[in-house]
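To start, the structure itself, in structure tokens.
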Amino acid sequence: MDVLVINADLGPLHRVSLRHAVRMLVRRVAEVHEAEPDRLIGVYPVPTVVRLVRYVVTKWRYTAGPAWSRAGVMRRDGRRCAYCAGPADTVDHVLPRSRGGRNSWRNTVAACYSCNQAKGDRTPAEAGMVLRIEPATPAWTSLGGR
């Protein structure tokens, strides 16, 4: 179970594990904002949302965008293959890593295993495959929820 962490001004920040949220409560850096009714962990109600006691400046969230991750690519693409629109279970590099392609938002897409294997160590054009989406850096808000 994940717990949403909100800033002192009630703006959402990120999600943490229940264990991490309880540690934040014990250290008194956060307070329970919303909790599950009639459930306790020790003396604390089981939180679903915790609010930081002090405001944390989040200017960094609106500059470069989130860091690249495999899970982020899957979430950005809705776990749909960029080639056939079927269920995706791998991440494909548009420009293969063997040719200098990097792990970046603009060079990776979600792909199913068979399309990833068919494309192999080639670009989509060389493999005769069409990208159904244009890979782009997502906004923080699009990756926030689970």
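Treat the numbers as computed from the prediction; the structure is a model and nothing was measured.
- Residue Val32 is grouped with residue Val29 when hydrophobic side chains (ILVMFWY) are merged at heavy-atom distances under 4.5 angstrom, including chains of intermediate members.
- Between Val5 and Met24 there is a side-chain heavy-atom pair separated by less than 4.5 Å.
- Scanning all heavy atoms of the two residues, the minimum distance from Ala136 to Arg106 falls at CA-CG, 4.4 Å.
- Shortest non-hydrogen contact noted between Asp9 and Gly11 is OD1-N, 3.1 Å.
- Inter-residue side-chain proximity for His33 and Leu10 is flagged as met; some heavy-atom pair is nearer than 4.5 Å.
- Side-chain contact between Leu95 and Thr123: present, with at least one pair of heavy atoms (C-beta onward) separated by less than 4.5 Å.
- At most 12 non-hydrogen atoms from other residues, nucleotides or ligands lie less than 6.0 angstrom from CZ of Arg54.
- Atom NE2 of residue His14 and atom CD1 of residue Ile6 lie 11.5 Å apart, to the nearest 0.5 angstrom.
- Counting heavy atoms from C-beta outward, Asp77 and Val109 have side chains that approach closer than 4.5 Å.
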**Item:** Verdict with supporting geometry, Arg51 and Glu34, salt bridge (Lys or Arg N to Asp or Glu O under 4.0 Å)
**Value:** CA-CA 9 Å; Arg51 180 176 52 84; Glu34 290 181 19; over 6 Å; no
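- In this structure the side chain of Leu40 never reaches within 4.5 angstrom of the side chain of Val46, judged on heavy atoms.
- Of all non-hydrogen atoms in Pro124 and Val94, the two that sit nearest each other are CD-O, 3.5 Å.
- The shortest heavy-atom contact between Pro138 and Pro66 is O-CD, 3.3 Å.
- Inter-residue side-chain proximity for Arg97 and Asp121 is flagged as unmet; no heavy-atom pair is nearer than 4.5 Å.
- When every heavy atom of Thr48 is checked against every heavy atom of Ala35, the shortest pair comes out as OG1-N, 3.8 Å.
- Both Leu18 and Val50 belong to a common hydrophobic cluster when Ile, Leu, Val, Met, Phe, Trp and Tyr are linked at side-chain heavy-atom distances under 4.5 angstrom.
- Applying the salt bridge (Lys or Arg N to Asp or Glu O under 4.0 Å) definition to pairs two or more places apart or across chains, those involving residues 84-94 are Asp92-Lys119.
- Proximity of Ile41 to Leu25: side-chain heavy atoms (C-beta onward) are nowhere separated by under 4.5 Å.
- Using a 4.5 Å heavy-atom cutoff, the side chains of Arg80 and Pro87 are in contact.
- Smallest separation of non-hydrogen atoms from Cys81 and Ala111: SG-CA, 3.8 Å.
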